[in-house]
Amino acid sequence: MSNATIIDEKVLNECLNEITRALLQSDVQFKLVHDMESNIKKIVNLDDLAAGHNKRKIIQQAIINELCKMLDPGKPSFTPKKGKTSVVMFVGLQGSGKTTTCTKYAYYHQKKGWRPALVCADTFRAGAFDQLKQNATKAKIPFYGSYTESDPVKIAVEGVETFKKENCNLIIVDTSGRHKQEAALFEEMRQVSEATKPDLVIFVMDSSIGQAAFDQAQAFKQCFSWSCNCYQNGWACKGRWCS
Ligand SMILES: Nc1nc2c(ncn2[C@@H]2O[C@H](COP(=O)(O)OP(=O)(O)OP(=O)(O)O)[C@@H](O)[C@H]2O)c(=O)[nH]1
């Protein structure tokens, strides 16, 4: 489109074909891609545009708006409340980036003036506590975990209680990675959640798994629907979606 001298229906279709092809190749759901394409065609009505309009700009803006709409959860994101301690629990598949995102989340809120703390309730993967400890130390964020305790519920509760006493107002609980077919691990996650009563559960997902993300997200969401929100917020960072 940037090389075309005249912007007409043919140029618009070529541009949209290129975008839809790229999205489908990245395993984005067909209906989403199809809806995006037809919405853009509805918004950009080239025949009705009076001379003098910058058609290229109008198309570009319509594409940007529609792509952003695909990632917009449609409701404001969670913000901790002043004068109250918020507990945020991170869940997701193995290696999806929970620990990394926990630290980024804590660091972001620390910069905004909150008093975050990190709790490592991952007793499953060797080195999980060391990883969180290393990240937290680098970001100068207090942390809690254990090398010997094997019960994640106990660690999570102890960590939350410890940091409540220390007046931290944002306590972030990192959990082990698990898959929707691992029923026992899902039950364990439910117990951690029941014991810590999180205000928010954040589901972290690697976007490169494509449409398989939907089933996993749904299984995790069902596990928490009794108490709190688990939502995908889709911010793409280095090929991953941190949700
Ligand atoms: N490219 C990229 N790599 C990431 C991102 N987040 C995490 N990683 C890397 O992915 C690997 C796994 O990240 P972790 O944060 O340990 O993932 P986890 O979900 O806590 O892992 P488990 O506790 O084993 O389930 C590490 O090597 C991270 O450096 C990201 O946003 N982009």
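What you see is a predicted model; the values in this text were computed from it and never measured. Values below: every heavy atom of this structure, side chains too, minus hydrogens, waters and symmetry copies. One-based numbering, in listed order, for ligands and for the atoms of each.
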Can a donor-acceptor pair be found, under 3.5 Å and without considering hydrogens, that links the side chain of E149 to the backbone of D151? yes
Can any side-chain N or O of T175 pair as donor or acceptor with the backbone N or O of A121 at less than 3.5 Å? no
List every atom of ligand 1 that sits less than 4.0 Å from any heavy atom of G177, numbering the atoms from 1 in the order shown and giving each element. 25 (O)
Throw together a table of side-chain donor-acceptor distances under 3.5 angstrom for residues 155-166, partners on residues two or more places apart or in other chains.
residue: E158; atom: OE1; partner: Y144; partner atom: OH; Å: 2.6
residue: T162; atom: OG1; partner: E158; partner atom: O; Å: 2.6

For ligand 1, is there an atom lying under 4.0 Å from some heavy atom of S96? yes
Checking the side chain of S86 only, and the main-chain atoms of D199 only, is there a donor and an acceptor separated by less than 3.5 Å? no
What orientation do F203 and F220 show, parallel under 30°, tilted 30 to 60°, or perpendicular over 60°? tilted
Show me which atoms of ligand 1 lie under 4.0 Å from any heavy atom of Q94. 25 (O)
Under 4.0 Å from one or more heavy atoms of D122, ligand 1 contributes atoms 23 (O)
Numbering the atoms of ligand 1 from 1, which are under 4.0 Å from a heavy atom of Q131? 14 (P), 15 (O), 16 (O)
Checking the N or O distance criterion of under 3.5 Å, is ligand 1 in contact with T99? yes
So, does A128 sit close enough to ligand 1 that a heavy atom of it is under 4.0 Å from the ligand? no
If we ignore hydrogens and angles and just use 3.5 Å, is the side chain of K140 paired with the main-chain N or O of T137 as donor and acceptor? no
Heavy-atom contacts with K98 under 4.0 Å: which atoms of ligand 1 show up? List them by number with element. 15 (O), 17 (O), 18 (P), 19 (O), 20 (O), 22 (P), 25 (O)
Any nitrogen or oxygen of T100, main chain or side chain, under 3.5 Å from a nitrogen or oxygen of ligand 1? yes
Write down the atom of A62, the atom of I40, and the distance for their closest heavy-atom approach. O-CG1, 4.1 Å
